[in-house]
Amino acid sequence: MSRLGTLGARLYRGEVGYDFVAKRMIWYGVSILITITAIVGLAVQGLNLGIEFKGGAVFTTPKTSVSVSQAQTYAEEASGHDAIVQELGNGGLRIQVSELDQTQANKVNETLSDNLQIPVDKINAEIVGPSWGEQIANKAWTGLAIFMLLVVIYLAIAFEWRMAIAALIALIHDLTITIGVYALVGFEVTPGTVIGLLTILGYSLYDTVVVFDGLKEGSKDITKQTRYTYSEIANRSLNGTLVRSINTTVVALLPVAGLLFIGGGVLGAGMLNDISLSLFVGLAAGAYSSIFIATPLVADLKEREPQMKALKKRVLAKRAATAAKGESAEDAGDERGEPQDDAPGDAAAAGAVVGPRTRGRGRPSGRRR
C-alpha cells in the first residue's frame with residue numbers, strides 16, 4: 001500500500017488525526033479575509049463582462065498576414081472601444097468589439113477591410129444584442145436559486161437542517177470567492193463562465209455530503225456514551241474522509257489546470273480561460289470549504305443544543321475524574337463496560353497530531369491486574 005493509502009487508512013481508523021474543528025476560528029478568519037478581498041475586488045474593479053452580456057459585434061476574417069496585435073490596434077482605432085482579437089486555426093482572425101450597434105459595426109467593418117486588405121464581403125460580421133446576455137444571466141440566476149433551494153430541502157430531509165444551512169453557506173462561500181477572483185484577474189465573463197460556476201456547485205456539494213454522511217453515521221446514539229463530544233465525532237468523520245477529499249480534488253484540478261495554464265496560457269487559446277478559471281478556483285474553494293467551513297459550522301450549530309451541551313459536560317467531567325485517578329480513557333471505558341472503538345480519545349480532542357495508540361499502560365484491554 002502507498003504511503004498516502006496507509007495514511008488514509010490510519011486516519012479512517014482514528015490512529016492519527018488533526019483537530020480541524022477545534023481550530024475552526026482560524027479557518028473562519030481566513031475565509032472571512034478571502035471573502036472580503038473578493039467582495040472589495042468585485043466592488044472596485046467589477047466584472048469584465050463579455051460581448052454576450054454587453055452587446056457588440058464579432059468580425060471573423062479569412063486567412064491574413066496581419067498580426068493579432070496589429071489587428072487589435074486597427075479595431076480599437078476604428079471603434080473607439082477595447083477589442084479582443086484571437087487567431088483561428090485557419091489563419092484567420094476573430095475580432096470582438098463590445099458596445100457597437102448595427103451602424104457602428106458597418107463602419108468598423110469597412111475600416112477593417114481597408115486596413116487588413118480583405119474585401120468587405122469576405123469579413124463575417126455578427127451583431128450580438130445585450131438583451132440576449134441579459135436573458136442568459138436571468139436564467140442562470142433562476143437556475144442557481146432553484147439549485148440552492150433543492151440542496152437545502154434535500155439535505156434537511158436526508159440529514160438535518162443544520163447540515164443544510166452549513167452546506168448552503170459553504171456554496172455561497174465558493175461562489176463569492178470565484179466571482180471575486182474573476183474581478184481581480186480581469187478575465188472575461190462569458191456564458192462559459194456561468195456554466196463553470198454552476199458546475200463547481202455540484203462538486204463542492206458532493207465533497208460536503210461525503211463528510212456529512214460519515215458524521216451522521218458516527219453520531220448515532222451519541223447521547224448514550226460519555227467518551228466523545230459532538231465536535232470530536234465531527235472531527236473524526238472529517239479525518240476519515242480527508243485523504244479521499246484530497247485525492248478527488250487533485251484528480252479534478254489536474255485536467256482543469258491543463259486547460260487554464262497550458263491551453264489558455266501556453267497555446268494562447270484564450271476562449272478556454274472563461275470556463276477553466278471558474279472551474280479551477282471553484283474546485284479549490286469547494287475542497288477548502290468542505291473541510292474547513294461546512295463541518296466546523298455543523299459542529300458549532302449542534303453544540304448549541306441543550307442535549308449536546310449536557311453531553312459535553314458529562315464527557316469533560318468523566319475525563320477529569322479519570323485524570324484524577326491517574327487512569328487512561330481506555331481504562332475508564334473498560335471499567336464502565338463502554339464499547340471500545342478505534343478512534344483517539346483525549347488526544348484527538350487536544351487538537352494535536354495523534355500517534356499510534358497503546359492500550360492502557362501496556363496491559364491487554366478488558367482485564368485489570
Side-chain angles (χ1 to χ4, degrees), residues 35-60 79 81-84 86 94-105 125-156 164-165 167-206 208 256 259-260 264 270-283 285-286 289:
T35 303
I36 290 176
T37 303
I39 293 175
V40 170
L42 183 61
V44 174
Q45 295 191 199
L47 292 173
N48 179 22
L49 297 177
I51 190 173
E52 295 86 357
F53 296 100
K54 294 190 297 185
V58 178
F59 306 94
T60 306
S79 64
H81 298 284
D82 292 336
I84 298 175
Q86 297 169 339
R94 182 180 186 271
I95 304 172
Q96 177 180 307
V97 183
S98 300
E99 303 178 24
L100 293 182
D101 56 25
Q102 184 66 59
T103 303
Q104 294 171 325
E126 296 180 2
I127 304 299
V128 179
S131 60
W132 185 82
E134 185 178 352
Q135 292 177 4
I136 293 295
N138 290 336
K139 290 181 180 179
W141 283 115
T142 302
L144 179 62
I146 294 174
F147 175 83
M148 293 289 194
L149 179 61
L150 292 177
V151 165
V152 171
I153 294 175
Y154 167 75
L155 292 180
I165 291 177
L168 180 63
I169 293 175
L171 290 176
I172 295 174
H173 166 273
D174 300 341
L175 281 176
T176 304
I177 291 178
T178 305
I179 295 174
V181 169
Y182 260 87
L184 293 172
V185 175
F187 275 19
E188 190 178 33
V189 176
T190 67
T193 305
V194 177
I195 294 172
L197 288 174
L198 296 177
T199 302
I200 64 175
L201 296 179
Y203 178 88
S204 176
L205 183 63
Y206 167 79
T208 302
V256 176
L259 286 175
L260 178 61
M271 62 188 69
L272 295 176
N273 288 337
D274 52 0
I275 188 171
S276 58
L277 180 64
S278 62
L279 289 175
F280 186 84
V281 177
L283 290 175
S289 64

On a heavy-atom basis, which atom in [X] and which in [Y] lie closest, and how many Å separate them?
X    : Y    : answer
A183 : L47  : N-CD2, 4.0 Å
I51  : E188 : N-OE2, 3.8 Å
A167 : L155 : CB-CD1, 3.2 Å
V152 : A164 : O-CB, 3.6 Å
I177 : T35  : CG1-OG1, 4.4 Å
V97  : S79  : CG1-OG, 3.4 Å

Atom pair [atom1] ([X]) and [atom2] ([Y]), whose distance is rounded to the nearest 0.5 Å:
X    : Y    : atom1 : atom2 : answer
I84  : I95  : CD1   : CD1   : 12.0 Å
S289 : I169 : OG    : CD1   : 11.0 Å
K139 : L144 : NZ    : CG    : 16.0 Å
F59  : I127 : CZ    : CD1   : 6.0 Å
L175 : M148 : CG    : CE    : 5.0 Å
I39  : I179 : CD1   : CD1   : 10.5 Å

Worksheet item: Would you say D174's side chain and G282's backbone share a donor-acceptor pair under 3.5 angstrom?
Response: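 No; judged by distance alone, with no hydrogens or angles, the pair does not exist.
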
Item to complete: State whether the side chain of S204 and the backbone N or O of I200 hold a donor-acceptor pair below 3.5 Å, judged by distance alone.
Response: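 Checking the backbone N and O of I200 against the side chain of S204, no donor-acceptor pair under 3.5 Å is found.
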
Practice prompt. Would you please test T37 and L184 for side-chain contact (heavy atoms from CB on, under 4.5 Å) and show each step?
Written response: CA-CA 9 Å; T37 303; L184 293 172; 4.2 Å; yes

Worksheet item: Step by step, would you call F187 with L260 a side-chain contact (heavy atoms from CB on, under 4.5 Å)?
Response: CA-CA 12 Å; F187 275 19; L260 178 61; 4.1 Å; yes

Fill in: Any side-chain heavy-atom pair of F147 and L201 under 4.5 Å
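Yes, close enough: below the 4.5 Å cut-off.
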
Discussion item. Run V151 and L168 through side-chain contact (heavy atoms from CB on, under 4.5 Å) and show every step you take.
Written reply: CA-CA 8 Å; V151 165; L168 180 63; 5.9 Å; no

Worksheet item: Step by step, would you call T193 with F53 a side-chain contact (heavy atoms from CB on, under 4.5 Å)?
Response: CA-CA 12 Å; T193 305; F53 296 100; over 6 Å; no

